[in-house]
Amino acid sequence: MCGIVAYVGRKIAQPLLIEGLKRLEYRGYDSAGIAVIDQKGAMHIRRAVGRISVLEDALQRVPTLPDASLGMAHTRWATHGAPTEANAHPHTDDTGRIALVHNGIIENYAALKKFLTNKGHAFSSQTDTEVLAMLIGDLYADMQVKNQVLPGTSLLQQAVQAALHEVDGTYGIAVICKDEPDTLVVARKGSPLIIGVGQEEYIVASDASAIVEHTTQVVYLNDNEMAVLKPGSFRTTTINNITISPVISQLENKLEEYELGDYEHYMLKEIFEQPSAIRNCLRGRAEQKESRIVLGGIVDHTRELVRAKRFILTGQGTAWHAGLVGDYLMEDLAKVTTECTYASEFRYRNPLVEEGTVVVAISQSGETADTLAALREAKEKGALALGIVNVVGSTIARETDGGIYLHAGPEIGVASTKAFTCQCVVLTMLALFLGRRKFMSQSVCHEMIDGLCAVPEQIERVLEQSDHVKQIAREFCDRENWLFLGRGYHFPVALEGALKLKEISYIHSEGMPAAEMKHGPIALINEGMPVVFIATKGSQYDKVISNIEEVRARGGKIIVVATEGDTNIHKYSDHVIEVPHALEPLQPLLSVVPLQLLAYHCAVARDCNVDKPRNLAKSVTVE
Ligand code: G6P
C-alpha cells in the first residue's frame with residue numbers, strides 16, 4: 001500500500017527521500033509528498049497528484065526546498081479521500097508545527113475528528129491521517145502549556161505516545177515537529193516499518209528496498225513499538241514508553257536485486273528470473289542423491305506436522321492461487337486433508353480449528369493485512385501456524401511458529417510471478433517432506449525430487465518462446481473478454497492466468513475448471529473470443545480435448561498450453577504454446593509461465609503500465 005521513507009542525519013535529505021520514494025513507488029502511486037525541516041526550524045512541504053516524477057517536477061520549481069537533514073516522504077494508495085493534493089501526505093496539524101506520514105487506517109477517525117473540530121481545529125483534507133496529525137498537534141500544545149516533558153523524552157515523543165493511545169486501527173507513521181528540528185519519531189502497529197541504522201544517520205522505510213542502498217543494518221519495529229531518532233542516537237520503546245533493546249539484523253538482499261537492469265519492466269525481469277529464483281529456493285533443501293527434503297524452518301515441528309489431521313492453506317491473490325495448487329499437492333503427495341481458503345474469509349467466519357490443525361499463511365510480502373489477521377486468528381485458536389513467505393523479517397515471518405522462506409529475491413512488479421512459482425515449489429517440498437515420512441516410497445520421492453530439480457532448466461526452455469507468445473498477444477490483445485480453463489492441477493493455473501491478464505491489461509478474464517464452463521460460462525462464448533486451455537499430457541488430457549471441442553463449436557479462438565511434441569493438439573487449436581513434459585504435480589510450474597508472458601505482452605501491446613497497474617498495490621496492508 002502506501003510507502004513511507006524518512007531520514008535524519010547529516011546528509012541533505014531531499015535527494016535521498018526522493019530516491020527512496022522511487023523504490024517504494026510500487027506500493028502506491030496515486031499521489032506523493034515530502035516534508036523537511038531546515039536548520040532554522042522551518043517546515044517545508046510539497047505534494048503532488050500522480051507518480052513520483054510529478055512530485056520531482058514540482059520540486060524543481062522555484063522556490064525549491066532549502067537543504068535540510070531531517071525529512072520524510074510518502075507515496076499514497078488512497079483509502080480515505082480521493083487522490084488529490086489536499087489528501088496527499090504529509091499532513092500537518094492546523095498550526096503547521098507537526099507533520100506526519102502514515103500507512104494504515106485510523107478506524108475511529110470520525111469520532112476523533114468530531115472531538116477535535118469541537119475544540120476549534122480546522123481540517124483541510126478528507127483523510128484519517130490528518131486527524132492523527134491534528135491530535136498529535138493538539139496534545140503537543142497542551143503538554144507544552146503544562147510544561148509536562150518527562151526526563152529523557154522529547155515532547156514530540158510524548159505527544160505521539162499520547163495520541164496513539166487514543167487511536168484504533170493500524171499505522172506505520174513518521175512524525176516531525178518544527179520545534180524539534182533534529183528529531184524523527186516513528187511508530188508502528190499493523191503496518192511495517194524498518195529502521196536502517198547508518199553512520200550517525202537513520203533511514204526509516206516501510207520496506208527494505210528504500211534502505212538497502214544506504215545500509216544493510218536494520219531494526220524491525222514490532223507492533224506497538226516506536227523509536228525516537230536523532231543524528232547519531234536512537235531509542236526504541238513501546239508506545240507506553242518502556243525502553244526496548246533494539247535487535248540489529250542484517251538485510252539479505254543486495255542493491256542489484258532491486259535494479260531493473262536491461263529489462264524493460266520489473267515484471268518481465270521477474271518472469272525471466274524464475275529459473276534462478278527456483279534454484280535458490282531448492283538450494284540445500286531438495287537433495288537429489290539422498291532423495292531427501294531438508295526444511296530447517298519447520299524441522300522442529302516434524303512430529304506435529306506428520307500427525308496433523310488437517311492443513312488449512314491461506315493467502316490472498318496470487319498467493320491464494322499457489323495455496324490452491326498446494327491443496328492438490330498436499331492431498332496427492334502427503335495424503336492429508338487440506339483446504340485452501342481466502343485469508344479474508346477465514347478470519348471472520350469463526351473457523352473450526354480442531355486439535356491437529358496446521359494453518360499455513362502464504363504471502364510474498366509477509367505483510368498482507370488479511371493474511372496476517374488469519375494467521376493471528378489461527379494461533380488464537382491453538383493451531384500450529386507456519387508461513388511461506390518471501391520477505392525475510394516480515395511480520396508474518398516473525399509471527400509464525402515456523403516456516404519456509406521462498407528465497408526468490410525482491411519482487412517489485414505488482415503482478416506476482418516468481419513468487420507464485422516459488423510458492424508452488426515450497427508447497428511441493430512441504431508435501432514431499434510430509435509424504436516421505438508417511439506413505440511415500442523412496443523411489444517416488446526420488447522421481448519427484450529429480451523432476452523438481454529439472455524445473456529451472458525446463459522454464460528456461462519455456463522462456464525461449466516469449467516472442468511466439470508475443471505474436472499471440474498482439475493478435476488478441478484487443479479482445480475484451482477471455483476465458484482460462486484447466487482441470488486438476490491446472491485449475492489454479494487457469495485462475496492465475498486470468499488474474500495476471502486482468503490486473504495488468506484491464507481485460508476482463510475468468511479462470512475456472514474446464515468442466516465448469518458448461519454450467520453457465522459457455523453462454524459467453526461467441527465468435528472470436530479467446531479461450532486459453534491448459535492441456536498438457538496427463539490424466540485429464542482427453543477430457544480437456546472434449547472441452548476444447550465444445551468451445552470450437554461455438555466459434556471461440558483456442559490458445560493451448562500443451563506438452564512439447566504433442567502433434568495431436570494442433571488440430572484442435574488456433575495457437576499452441578509448448579511446455580516440456582513434467583510429472584503432473586510439477587506441471588503448474590511450467591504451464592503458468594506462458595500465461596504470465598501472455599499477460600505481459602498483452603499489457604505492453606495495450607500500452608498499460610505493467611509494473612504499476614491502476615488501482616493496485618503490491619502489498620495490501622489494509623483490510
Ligand atoms: C496484492 C498483489 C498481488 C498479491 C496479493 C497477496 O493483491 O497485487 O500480486 O498476490 O496482494 O500478496 P502477498 O504479499 O500476501 O503474497
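Whatever order the structure lists them in is the order used to number ligands and atoms, beginning at 1.
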So, are K612 and E25 salt-bridged, with charged N and O less than 4.0 Å apart?
-> yes

Donor-acceptor pair between T318 and K500 side chains, under 3.5 angstrom | yes

Judged by modelled atom types alone, do Q316 and S344 share a side-chain donor-acceptor pair under 3.5 Å?
-> yes

Assess whether atom CD of E380 is packed by more than 12 heavy atoms of other residues, nucleotides or ligands within 6.0 Å.
-> no

Residues E56 and K22 bridged, charged N to O under 4.0 Å = yes

Sequence-distant partners of K502, salt bridge (Lys or Arg N to Asp or Glu O under 4.0 Å), two or more places apart = none

Atom-level proximity to ligand 1, residues with heavy atom under 4.0 Å | Q316, G317, T318, A319, S363, Q364, S365, T368, V414, S416, A617, K618, V620

